[in-house]
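By convention in this document, chain letters (A, B, ...) are assigned in the order of the sequence lines, proteins followed by strands, and residues within each chain are numbered from 1.
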2 protein chains.
Amino acid sequence: MTVTIYDVAREAGVSMATVSRVVNNNPNVKPQTRKKVFEAIERLGYRPNAVARGLASKKTTTVGVVIPDISNMLFSEVARGIEDIANMYHYNIILCNADKRKEKEIKVINTLLEKQVDGLLFMGGSVTDEHVQAFRTSSVPIVLCATRDETNQYPYVDIDHQQAAFDAVNALVQDGHRDIAMISGNLQDTNNGYSRYMGYKEALEKNNMPFREEYVRIGNYRYDSGIESMKYFLELEQRPTAVFAANDEMAVGAIHAIQDSGLRVPEDISVISVDNSRIASMVRPQLTAIAQPMYDIGAVSMRLLTKLMKNEKIEDTRVVLPHELVKRHSTR
Amino acid sequence: MTVTIYDVAREAGVSMATVSRVVNNNPNVKPQTRKKVFEAIERLGYRPNAVARGLASKKTTTVGVVIPDISNMLFSEVARGIEDIANMYHYNIILCNADKRKEKEIKVINTLLEKQVDGLLFMGGSVTDEHVQAFRTSSVPIVLCATRDETNQYPYVDIDHQQAAFDAVNALVQDGHRDIAMISGNLQDTNNGYSRYMGYKEALEKNNMPFREEYVRIGNYRYDSGIESMKYFLELEQRPTAVFAANDEMAVGAIHAIQDSGLRVPEDISVISVDNSRIASMVRPQLTAIAQPMYDIGAVSMRLLTKLMKNEKIEDTRVVLPHELVKRHSTR
DNA sequence: CTGTTAGCGCCTTCAT
DNA sequence: ATGAAGGCGCTAACAG
């Protein structure tokens with residue numbers, strides 16, 4: 001039924017070892033023999049079985065990727081970076097959504113390891129002890145992507161979220177704003193939501209500005225929660241003159257809430273965010289934002305993983321990628 | 001080094017077959033024995049090797065997915081649908097980007113098949129003879145997702161693109177528009193770009209309206225090309241009163257080009273599109289669009305594939321999902 | 001209910 | 001440059 005390496009060997013009149021060598025580009029084969037084998041392969045329509053190969057060689061040329069949500073623009077951009085580099089090094093990707101739910105994350109880590117992936121890339125909200133526990137049982141290298149574990153024992157590629165938030169708020173302060181509100185993400189995301197919130201607080205503090213409870217709303221990173229949060233701010237006695245949103249989508253929501261109320265951006269209220277996804281230039285006014293290099297985070301972490309998998313020397317396994325302010329028209 | 005089923009068997013004082021049964025939930029094991037085995041597994045930290053299992057059982061519980069671009073919102077939405085259902089049926093996904101480039105598509109189809117996936121989901125621009133050629137060599141089922149082959153010999157899940165375009169343009173006609181332009185996608189995409197273009201022409205024809213060369217621009221599905229195309233239309237002697245864009249992003253670009261020129265949507269020019277991705281409600285005015293059920297296309301095609309993989313009876317292997325008009329505020 | 005015995009398709013020394 | 005032989009870790013009859 002299925003044609004194996006034996007069949008090819010017989011057809012070509014050589015041993016299976018020789019066929020194996022040909023298939024694996026081993027130089028120790030006479031060109032003439034090689035040709036015979038290739039012809040036999042062609043004739044029989046032989047296709048090597050990667051599973052058998054994986055069992056025998058203990059390598060699958062596959063890496064596992066744990067991702068919170070593939071349909072989220074940011075993550076899919078990271079995924080694209082991962083894919084491109086993986087491709088370049090001839091690795092395939094097994095992608096698993098885990099919805100930022102811890103138990104599901106642990107579960108997929110285990111199935112990925114069962115599948116004998118050669119390495120693992122983990123993307124998620126936060127890395128807890130349980131995660132580390134699961135990582136420990138792995139005999140293959142693991143790289144954290146756009147996140148980190150508390151004690152920094154695992155290699156990671158990330159940006160400095162707190163600094164990014166700080167820079168965003170600071171830019172607002174530079175523009176003369178004193179009443180700056182924040183639409184935050186989930187504070188349980190230690191590495192992300194919380195860091196940006198801390199960056200906001202830090203910026204206020206450094207500039208001797210008071211922190212006000214009512215100037216912070218917790219959103220869910222979605223457009224609608226940007227609108228809701230902004231509506232709340234607009235009804236405040238002393239409404240803010242500027243808003244810092246933890247991501248683009250909520251910022252766009254905020255802009256529209258402002259415009260819907262008859263006010264203008266940035267004349268009446270400025271809006272800034274962190275992310276700079278493609279949507280940032282797809283609003284009017286175009287969004288001023290701190291740019292996170294998502295594609296690069298994916299690409300660099302995959303590159304790091306390839307080095308780890310090949311036991312290459314690594315200068316640094318903790319890499320923090322730079323962010324930058326992209327000034328557009330939603331601030332003044 | 002690695003602990004195998006043998007080690008567990010020895011530790012538990014049973015045979016490897018029994019361990020295998022326990023691991024695979026075979027009911028034919030005395031509860032007491034089962035308990036012993038589980039304890040041994042726990043003690044040794046045994047993790048089943050899916051590769052070995054795949055070789056022995058000839059099943060990998062993995063399906064391959066070929067996708068044009070994971071960072072594209074539409075496709076990642078489809079991917080999410082695929083993932084969710086795959087998950088539900090305990091399959092894992094190997095995702096491969098192929099950039100709509102034929103040779104790359106053929107290549108990943110082959111590597112996926114080498115990896116012994118239990119089934120294949122193909123998403124791409126168009127399905128040529130070469131694709132069919134590659135499909136033929138597969139011994140596992142294949143489902144086309146959001147596309148079809150010319151002769152409809154392979155199962156597919158898709159929408160009726162031509163009808164969708166027709167309905168969009170027709171809605172414009174109903175609103176009293178006579179001068180309707182189109183921002184099209186690539187006409188080489190037989191199943192998609194071309195079909196929508198044909199739907200546009202068909203709608204004009206049925207309504208006895210002339211087709212005009214200068215009312216069609218070919219974009220690349222991106223925001224910027226929406227802007228460029230619209231600018232072109234705005235400079236026409238007789239500028240259109242309505243525009244049909246082949247996807248949301250170009251439609252948003254068109255809206256902004258119109259607004260930037262000082263005109264209003266929909267008062268001066270109406271805009272309609274096909275897709276209804278999340279971005280459609282993230283513009284002002286919100287976009288009227290024909291909704292494509294992307295998530296469902298993914299989910300349904302994966303469901304179809306699971307049936308095929310299990311040799312279940314199938315009523316119909318060619319499914320066309322319904323689309324619908326979502327009226328918002330960019331048309332009048 | 002449990003154990004024995006063949007493979008699954010390929011890689012990899014070790015000889016020749 | 002080529003061949004022979006022993007696994008890789010597990011499943012799946014087949015016995016008992």
query: Crowded around B/E42 CD? As in, over 12 foreign heavy atoms under 6.0 Å?
result: no
field: Side chains of B/E130 and B/T128, donor plus acceptor under 3.5 Å
entry: no
field: Distance, nearest 0.5 Å, that separates CG of B/N92 from CG of B/D118
entry: 10.5 Å
- request: Could you verify whether a donor N or O on one side chain and an acceptor N or O on the other, from A/R21 and A/N28, lie under 3.5 Å apart?
  value: no
query: Is there side-chain contact between A/L74 and A/Q292, with heavy atoms separated by less than 4.5 Å?
result: yes
Under 4.0 Å protein heavy-atom contacts per nucleotide of nucleotides 6-16 of chain D, with B for base, S for backbone only and - for none: -BBBBBBB---
query: Would you call A/D99-B/R80 a salt bridge at under 4.0 Å N-O?
result: yes
query: 5' to 3' on DNA chain C, which nucleotides open and close the contacts with chain A (atom under 4.0 Å from a heavy atom)?
result: C/dG9 to C/dT12
message: Please tell me whether B/K115 and A/T62 have a donor and an acceptor in their side chains that are separated by less than 3.5 angstrom.
response: yes
